[in-house]
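Notes follow the structure.
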Number of protein chains: 2
Amino acid sequence: MNDNQSTSDKILMAAIDLMSEKGYDGTTTKEIAAAAGVNEVTLFRHFGTKQKLLETAFHRYHYAEEMTKLFQESLKWELHTDLLLISRTYHKIMNRNRKLLYIAQKGSSSLPQEIYQEAGRHPRHLRNLLTNYLTAMMEKNKVMTANPEMTAMSFMWMNYGAFYSGLNAKGASPDQPLDDFIEESVRLFARALTP
Amino acid sequence: MNDNQSTSDKILMAAIDLMSEKGYDGTTTKEIAAAAGVNEVTLFRHFGTKQKLLETAFHRYHYAEEMTKLFQESLKWELHTDLLLISRTYHKIMNRNRKLLYIAQKGSSSLPQEIYQEAGRHPRHLRNLLTNYLTAMMEKNKVMTANPEMTAMSFMWMNYGAFYSGLNAKGASPDQPLDDFIEESVRLFARALTP
DNA sequence: ATATAATGCAAGCACTTACTTACATTACGG
DNA sequence: CCGTAATGTAAGTAAGTGCTTGCATTATAT
């Protein structure tokens, strides 16, 4: 049981890579083992089951508490500056866990529900934080909107859409278009919400 | 070959229903036949292959020319009114083909590329139409933005995100939250872009 | 009423997949 | 250097999958 860290990791990484491209059902244990440069039996000795293998991978999906901390500590209560920071952090987190999110998105009939819950946690959390922020800004007379929750949703969905439409799909892509989008969209929201 | 329309349709509908939930790989031909109330052999006699069955289903994905016609005929050159119409039409089209889009989104290693292309056609098309519209509105001094293409993308991704996050996932849902979102988000964009 | 086409049924085939077992080989720390 | 743990190799199992075949049954149209 004293896992050779390196071997387990190689298998996990290979599984994540393949499954994020071909889905859980479409990826075989033989493929994973081959991609990891390891015998298929070793895979089963480490994880017992294909499903447990993926669950282990998702366990490493450490939900970033970054967002909570950001909302507690780093906000300047200046709309444009804050939205920019929020959007950039959002994409950083999503990007870091991109492959796992893709796996959850593709889904499968034989996948434990826990995985989908984990994948949906971050967006729901952000929606709440953002709604509260906008409400507080309204009380400071620094934001004007008829419906802070819907405004928060709009901002979230815009970034969600940008992420899943593969804006930053390539591995070490230059990220320039992403930055352009973030700046332009934040400018738009700031202008719309400023009283 | 003179297909009994009703039988073929039952099979196609069952396939779309199941695959949109469990993915192409996760759905068996036996299941499809059972859900259609038909013998599995009948399925193969009609479509020959599981893959050809899905391709036939996608052939019914009649890409709505509605959008093009809308941009040619129905625009009032009044920002708020036009964005509202565009957003509503977008969600109408997406919703009509929701299940097929879900199948493409889940994907599979053994799915013909044609299917993904078809699924991506509508968003790309809308982006172009919307960019051109915003540019024209700028020339009329009715819209102000530094980057019409990015603005179009932002609007598109926002609606794309709202759609895929399952805002309207339930079959005959009341659609009230969707309407709320559309109105609030259009108001926001109109305010941001009005000079 | 009879020919023709569409469907059902039972069985099976060829192949893949997740997973197992038994045994040989290597790596490695005390 | 030796014992133990980790890995490789080969073979196989049980179940599931897409798909086929042969034949019986039902519907439909002329």
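Reminder, nothing fancy here: chain letters follow the sequence lines and each chain counts from 1. Computed from heavy atoms alone, side chains included, the values below leave out hydrogens, waters and symmetry copies. Remember, it's a predicted structure, so these values are computed and weren't measured experimentally.
Put simply, CG on Asp9(B) is 17 Å from C1' on dT7(C), counting in whole angstrom units. Protein atom NZ of Lys10(B) is 15 Å distant from nucleotide atom P of dA6(C), rounded to whole Å. Nucleotide dA18(C) holds its P atom 10 Å from the CG atom of Leu43(A), rounded to whole Å. One atom, CZ of Phe44(A), and another, C1' of dA6(D), lie 18 Å apart when rounded to the nearest Å. Rounded to a whole Å, the NE2 atom of His46(B) is 15 Å from the P atom of dT20(D). One can place CZ of Phe47(A) at 13 Å from P of dA6(D), the figure rounded to the nearest angstrom. At whole-Å resolution of the value, CE in Met19(A) and P in dT17(C) are 13 Å apart.
Between Thr7(B) and dA6(C) there is no side-chain N or O to OP1 or OP2 distance below 4.0 Å.
Qualifying side chain to side chain donor-acceptor pair (under 3.5 Å) partners for Glu78(B), counting only residues two or more places apart in sequence or in other chains: Thr81(B). Among residues two or more places apart in sequence or in another chain, the side chain to side chain donor-acceptor pair (under 3.5 Å) test is passed with Tyr133(A) by Asp82(A). With sequence neighbours left out, Ala190(A) forms a side-chain contact (heavy atoms from CB on, under 4.5 Å) with Leu79(A), His80(A). With sequence neighbours excluded, the residues satisfying salt bridge (charged side-chain N to carboxylate O under 4.0 Å, His left out) with Lys30(A) are Glu40(A). Partners of Phe189(B) according to the ring pair (Phe, Tyr, Trp, His ring centres under 6.0 Å) rule, which considers only residues two or more places apart in sequence or in another chain, are Phe155(B).
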Please write out each protein N/O paired with an N/O of nucleotides 8-17 of chain D under 3.5 Å, distance rounded to 0.1 Å.
| unit_1 | atom_1 | unit_2 | atom_2 | d |
| --- | --- | --- | --- | --- |
| dG8(D) | OP2 | Asn39(A) | N | 3.0 |
| dG8(D) | OP2 | Thr42(A) | OG1 | 2.6 |
| dG8(D) | N7 | Arg45(A) | NH2 | 2.6 |
| dG8(D) | O6 | Arg45(A) | NH1 | 3.2 |
| dG8(D) | O6 | Arg45(A) | NH2 | 3.3 |

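At least one side-chain heavy atom of Met158(B) sits less than 4.5 Å from a side-chain heavy atom of Ser185(B).
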